[in-house]
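Notes follow once the structure below has been shown.
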Amino acid sequence: MTGIQELLLSRIRDVADYPEPGVMFKDITPLLADPAAFTALTDALADIAADTGATKVVGLEARGFILGAPVAVRAGLGFIPVRKAGKLPGATLRQAYDLEYGSAEIEVHAEDLASGDRVLIVDDVLATGGTAEAAIRLIERAGAEVSGLAVLMELGFLGGRARLAPALGGAPLEALLQV
């Protein structure tokens, strides 16, 4: 394990039985409260943005906003939020996706992305991959290209990486931590 991985893991708190019995929630708020750990995380994700040739960063609601915005600033790129449906004013592109129980929709301002944009998607956790897959579809529908997906941690036992491989079309999926 690398030094940054040890630092990040040491600042993630396990919360048993949240949000329901049997679930071990990974709470990143202690990491965000530690300026050294948050800076290390931001720098690592900004390096991924540079390595992928990204021209924009998309953050997925809501913790992807917290991580993606400083990554965009650090990398000198624009930041674009992908929100839950109904949260953005004006014209948007909307994409539905399936949840464990039911479905949801996310949206983006179409004018914020253009042909020639290379977009790094940033989020805190990759679980089943449903939200990330919907974001990939939105970015492509806006005419942009996905340069990669970067997450703080991947819950490998949920199979998100395998689900996303076809949608990513060879673009990298970088997880700083595997849990």
Side-chain angles (χ1 to χ4, degrees), residues 8 19 25-29 31-33 35 37-99 102-155 160 163-164 167-169 171-176:
L8 297 176
F25 184 78
K26 300 293 187 183
D27 180 13
I28 68 167
T29 58
L31 187 157
L32 300 174
F38 195 13
T39 298
L41 172 59
T42 300
D43 289 346
L45 293 173
D47 288 346
I48 293 169
D51 291 346
T52 65
T55 60
K56 301 252 175 90
V57 173
V58 156
L60 304 182
E61 188 164 329
R63 290 180 298 267
F65 297 172
I66 297 168
L67 303 184
V71 167
V73 170
R74 180 64 48 90
L77 306 174
F79 175 75
I80 300 159
V82 168
R83 306 271 337 247
K84 294 176 182 172
K87 300 289 185 180
L88 291 172
T92 62
L93 288 176
R94 187 176 285 193
Q95 182 71 43
Y97 64 101
D98 291 329
L99 299 169
S103 64
E105 293 181 317
I106 55 173
E107 58 188 16
V108 67
H109 280 135
E111 71 271 9
D112 291 342
L113 293 168
S115 176
D117 280 333
R118 291 182 45 79
V119 180
L120 177 68
I121 302 167
V122 172
D123 205 2
D124 65 329
V125 174
L126 172 62
T128 63
T131 307
E133 184 177 33
I136 292 167
R137 301 288 176 239
L138 274 179
I139 291 163
E140 291 171 343
R141 286 177 49 213
E145 176 186 349
V146 174
S147 69
L149 170 63
V151 297
L152 167 58
M153 66 185 121
E154 176 182 354
L155 307 179
R163 175 182 182 164
L164 290 175
L168 283 167
L173 191 167
E174 300 286 344
L176 299 177

Nearest heavy-atom neighbours spanning Ala37 and Leu8: O-CD2, 3.8 Å
Test side-chain contact (heavy atoms from CB on, under 4.5 Å) applied to Asp123 and Val125, step by step: CA-CA 6 Å; Asp123 205 2; Val125 174; over 6 Å; no
Residue pairs, two or more places apart or on separate chains, that pass salt bridge (Lys or Arg N to Asp or Glu O under 4.0 Å) and touch residues 126-150: Arg118-Glu145, Glu133-Arg137, Glu133-Arg163, Arg137-Glu140
Closest non-hydrogen atom pair between Val119 and Ala144, with its separation: CG2-CB, 4.0 Å
Glu61 side-chain N/O to Lys84 backbone N/O, donor-acceptor pair under 3.5 Å: yes
Nearest atoms (heavy-atom pairs only) where Phe38 meets Ile66: CZ-O, 3.7 Å
Stepwise side-chain contact (heavy atoms from CB on, under 4.5 Å) check, Leu138 with Val82: CA-CA 9 Å; Leu138 274 179; Val82 168; 4.2 Å; yes
Closest non-hydrogen atom pair between Ala135 and Leu60, with its separation: CB-CD2, 3.6 Å
Nearest non-hydrogen partners of Phe65 and Pro81, listed with the distance: CE2-CB, 3.6 Å
Interatomic spacing from CG in Leu67 to CG in Leu176 - rounded to 0.5 Å: 9.5 Å
Side chain to side chain contact (heavy atoms under 4.5 Å, CB included) against Lys26, all qualifying residues, sequence neighbours excluded: Ile12, Asp14, Met153, Val179
side-chain hydrogen bond (donor to acceptor under 3.5 Å, both in side chains) contacts touching residues 106-115 (sequence neighbours left out): Thr92-Glu107, Arg94-Glu107
Solution key, residues 44-54 side-chain donor-acceptor pairs under 3.5 Å, sequence neighbours excluded:
unit_1: Thr52; atom_1: OG1; unit_2: Ile48; atom_2: O; d: 3.2
unit_1: Thr52; atom_1: OG1; unit_2: Ala49; atom_2: O; d: 3.1
unit_1: Thr52; atom_1: OG1; unit_2: Ser147; atom_2: OG; d: 3.1

Which atom of Leu164 lies closest to which atom of Ala132, heavy atoms considered: CD1-CB, 3.9 Å
Separation between CD1 of Ile139 and CD1 of Ile121, rounded to the nearest 0.5 Å: 3.5 Å
Stepwise side-chain contact (heavy atoms from CB on, under 4.5 Å) check, Phe79 with Val73: CA-CA 8 Å; Phe79 175 75; Val73 170; over 6 Å; no
Pairwise side-chain contact, Val58 with Val108, heavy-atom cut-off 4.5 Å (strictly under): no
Distance (rounded to the nearest 0.5 Å) between Thr42 OG1 and Leu32 CG: 9.0 Å
Contacts of type side chain to side chain contact (heavy atoms under 4.5 Å, CB included), residue Ala96, not counting sequence neighbours: Glu105
Intermediate values then yes/no, side-chain contact (heavy atoms from CB on, under 4.5 Å), Leu31 and Leu152: CA-CA 11 Å; Leu31 187 157; Leu152 167 58; 4.2 Å; yes
Set of residues satisfying side chain to side chain donor-acceptor pair (under 3.5 Å) with respect to Asp124, sequence neighbours excluded: Arg63
Nearest-0.5 Å distance that lies between atom NZ in Lys56 and atom CG in Leu77: 9.5 Å
Point-to-point distance, once rounded to the nearest 0.5 Å, from CG of Leu113 to CD1 of Ile80: 4.0 Å
